[in-house]
Colleague: 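Here it is, the structure, as structure tokens.
Values below: every heavy atom of this structure, side chains too, minus hydrogens, waters and symmetry copies. Residue numbering restarts at 1 for every chain, and letters A, B, ... go by the order of the sequence lines.
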2 protein chains.
Amino acid sequence: MEVKLTKKRALILSVITDSSHFMTADEIYTAANQTLHMNPSTVYRALHALLDCHLIEKQIRQDGNTYYKRTSNEHRHHLICTNCNRTIDIDGCPLAELENTLTTKTGFKITGHNFEITGICPNCEEQNHKSEE
Amino acid sequence: MEVKLTKKRALILSVITDSSHFMTADEIYTAANQTLHMNPSTVYRALHALLDCHLIEKQIRQDGNTYYKRTSNEHRHHLICTNCNRTIDIDGCPLAELENTLTTKTGFKITGHNFEITGICPNCEEQNHKSEE
DNA sequence: GTATCTGCAAAAGATTTGCAGCAAG
DNA sequence: CTTGCTGCAAATCTTTTGCAGATAC
């Protein structure tokens with residue numbers, strides 16, 4: 001089946017692409033809906049289509065939310081601030097080596113990995129201290 | 001507030017403890033319900049209570065399901081077979097070192113991490129080959 | 001005894017789907 | 001034109017919640 005690039009889908013993709021951070025379906029809907037009126041189910045269907053084309057990726061985090069981001073050419077992981085939800089890119093992937101070891105040790109055919117390092121970013125930490133004074 | 005250890009909660013905890021793998025709320029409910037008739041909401045409330053006491057831990061995976069397991073004294077991660085859902089323990093944690101580096105580099109106060117390595121276990125791989133013959 | 005569980009049914013939140021009409025290629 | 005997109009409302013799935021009665025300590 002062919003995927004049609006409609007105005008709404010283009011808008012949804014640009015909302016995701018332009019965002020500096022990962023967005024939830026609802027954030028994407030809210031943002032896109034301001035420019036072009038659309039239904040949440042349109043957003044969900046568009047997200048599926050974009051995922052199928054590998055134009056975007058999703059990550060389900062331990063906070064229970066599902067986040068979407070534009071696919072980048074580098075394989076990247078992130079530090080996530082549990083306070084403000086900002087993310088910081090981590091250089092390199094610490095798992096490549098581990099995966100080789102694991103393949104040899106366990107016989108698993110490894111197909112993917114996901115990880116999430118959480119903490120409080122310097123900004124939020126500072127705010128915290130200020131409010132405690 | 002005090003937490004009461006009722007028969008049902010004890011049963012729920014033993015179901016989780018006795019299981020060799022991570023279980024979903026529904027699996028826990030189904031298993032426990034066979035011994036002592038109970039309502040799903042009892043299971044959810046028990047899971048929250050047990051999480052609060054740190055007797056169990058939960059993990060939300062990329063398959064969208066939430067899994068629970070008995071808390072163990074070692075810090076552990078797992079290889080997950082995306083076919084049969086079996087998990088295999090990984091020795092050591094590859095992130096301890098990375099976290100130190102990240103703290104220094106980014107100023108983040110790191111509070112936790114979660115990761116998930118997925119693949120096909122040797123068993124499932126074998127089954128696959130057999131069925132293709 | 002009294003605070004905390006439990007069952008039940010209803011509610012909530014996120015996502016999916018059926019169907020009829022609309023738009024892209 | 002024909003396949004695939006969209007809106008809407010209803011359905012789904014998982015988890016939560018209010019309340020009245022039951023139970024642990």
Colleague: Rounded off to whole Å, could you give me the CE-to-C1' distance for the A:Met38 and C:dC22 pair?
Modeller: 15 Å

Colleague: Axis-to-axis angle across the helix from C:dG1-D:dC25 to C:dG25-D:dC1, five pairs an end, to 10 degrees?
Modeller: 40°

Colleague: For DNA chain D, which nucleotides open and close the run of contacts to chain B, 5' to 3', at under 4.0 angstrom from a non-hydrogen atom?
Modeller: D:dT14 to D:dC25

Colleague: Output the rounded distance in Å from CZ (A:Arg45) to P (C:dC22).
Modeller: 16 Å

Colleague: Can A:Ser41 and A:Asn39 be counted as having a side-chain donor-acceptor contact under 3.5 angstrom?
Modeller: yes

Colleague: Mind checking whether A:His77 and A:His113 have ring centres under 6.0 Å apart?
Modeller: yes

Colleague: How long is the line joining CG of A:Asn39 and P of C:dC22, in whole Å?
Modeller: 16 Å

Colleague: Might you list the N or O atoms of the protein lying below 3.5 Å from N or O atoms in nucleotides 23-25 of chain C, with each pair's distance?
Modeller:
{"unit_1": "C:dA24", "atom_1": "N3", "unit_2": "A:Lys4", "atom_2": "NZ", "d": "2.9"}

Colleague: When the distance from CD of A:Glu27 to P of C:dT15 is rounded to whole Å, what number comes out?
Modeller: 12 Å

Colleague: Mind calculating the distance between OH (B:Tyr44) and P (C:dG7) to the nearest angstrom?
Modeller: 15 Å

Colleague: Is there a donor-acceptor contact under 3.5 Å linking the side chains of A:Asp52 and A:His48?
Modeller: no

Colleague: Could you tell me the separation between the CZ atom of B:Arg9 and the C1' atom of C:dT6, rounded to a whole number of Å?
Modeller: 9 Å

Colleague: From CD1 of B:Ile12 over to C1' of C:dC5, roughly how many Å is that when rounded to an integer?
Modeller: 11 Å

